Number of protein chains: 2
Amino acid sequence: MEIPERGDCFRADCPARDVFGHVTGRWGGLVLAALLGGTLRFSELRARIGGISEKMLAQTLREFERDGLLIRRQFPEVPPRVEYELTAAGLEVAQRLDHLIGWIQDHVRELVAAQRSHEATSRRASLS
Amino acid sequence: MEIPERGDCFRADCPARDVFGHVTGRWGGLVLAALLGGTLRFSELRARIGGISEKMLAQTLREFERDGLLIRRQFPEVPPRVEYELTAAGLEVAQRLDHLIGWIQDHVRELVAAQRSHEATSRRASLS
DNA sequence: CCGTATCCGCGCCGATACTG
DNA sequence: CAGTATCGGCGCGGATACGG
């Protein structure tokens, strides 16, 4: 397929949509944001990201390695040690993700309040 | 549940993770980013976001309305007209998403090149 | 035009067991 | 420690039909 100079995530067939899908996948954003603090081992990542399974962590890491957003560094030791680190591209993406995550975290109460208020409204409406 | 002053998306049980899930859902980011240009009708949104079905668009819009990120405005006309617009909170989220999307779109060639190069590497590795 | 309702297949993802 | 292999449920999401 022809790769345009600039992608368009709004088109279904654009490779940019593909990468966007990885980044906004269920675990993608959390993995990248977790690595903003610096290099982490597999088990450290797993501990930091609540609820992720080994399978999904491994799968997500492989996707991002393929996309060139992080690098995998393996040490010839026993027990084995593997570290993951953002590439320059990965850092750019992770920083933008972090801004998004940060805003949401800072406004949790406002968001939850909106949810509650909306529930109340729809209840009143359904009482005809 | 106790709502902390500041959320933590890395915890599995935090409401912030919940909203983060909506925003980074399959269609969430594209819907919010599409509304950055201003108010849009249902059919306009559907046309702009390649591949989305009516069902998923409606579902995504309802989630965000509940989260207080957008408002739904219905006009008493025939044929009916419904417009969707970002709230102040939605604008904040959408802008951050747009930065993320923009970077990916601007670097689509770099990303695709990384994917190709990685395929070549893993092919060589598997040839033992 | 703007949805909702229903069905249902596919693939995501968790659980478990196993390997180097 | 850092994974891979395999299985299976179930929910996401597409297709279709219908309603206001």
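Chain letters run A, B, ... following the sequence lines, proteins first and then strands; every chain starts at 1. No hydrogens, no waters, no symmetry mates; every other heavy atom, side chains included, goes into these values. In this text, all values refer to a predicted model and were calculated from it rather than measured experimentally.
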Test of understanding: with salt bridge (Lys or Arg N to Asp or Glu O under 4.0 Å), list the residues that count as partners of Glu110(A), not counting sequence neighbours.
none

So which atom in Ala12(B) and which in Gly50(A) form the shortest heavy-atom distance, rounded to 0.1 Å?
CB-O, 3.7 Å

Closest approach of Leu97(A) and Gly29(A), non-hydrogen atoms and distance?
CD1-CA, 3.7 Å

Sequence neighbours left out, what pairs pass side chain to side chain donor-acceptor pair (under 3.5 Å) with at least one residue falling in residues 38-60 of chain A?
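Checked against side chain to side chain donor-acceptor pair (under 3.5 Å) - neighbours excluded - no pair reaches residues 38-60 of chain A.
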
So side chain to side chain donor-acceptor pair (under 3.5 Å) across residues 87-99 of chain B, not counting sequence neighbours, yields Glu92(B)-Arg96(B)

Distance in angstrom units between [X] [atom1] and [N] [atom2], rounded:
| X | N | atom1 | atom2 | result |
| --- | --- | --- | --- | --- |
| Phe75(A) | dG3(D) | CZ | P | 12 Å |
| Ile52(B) | dA15(D) | CD1 | C1' | 15 Å |
| Leu57(B) | dG13(D) | CG | P | 13 Å |
| Arg73(A) | dC1(D) | CZ | C1' | 18 Å |

Taking everything shown except Arg11(B) itself, do over 12 heavy atoms lie less than 6.0 Å from its CZ?
no

Looking at five pairs on each end of the helix from dC1(C)-dG20(D) to dG20(C)-dC1(D), what is the angle between the two axes, given to 10 degrees?
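So the angle between the two local helix axes works out to 50°.
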
Encode nucleotides 1-13 of chain C as B, S and - characters from 5' to 3', where the letter depends on protein heavy atoms closer than 4.0 Å: B to the base, S only to sugar-phosphate, - to neither.
BSBS-BB-----B

Do the side chains of Arg109(B) and Glu5(A) get close enough for a salt bridge, i.e. N-O under 4.0 angstrom?
no

So which pairs with a foot in residues 14-48 of chain B pass ring-ring contact (aromatic ring centres under 6.0 Å, His included), sequence neighbours left out?
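Listed once each, the pairs would be none.
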
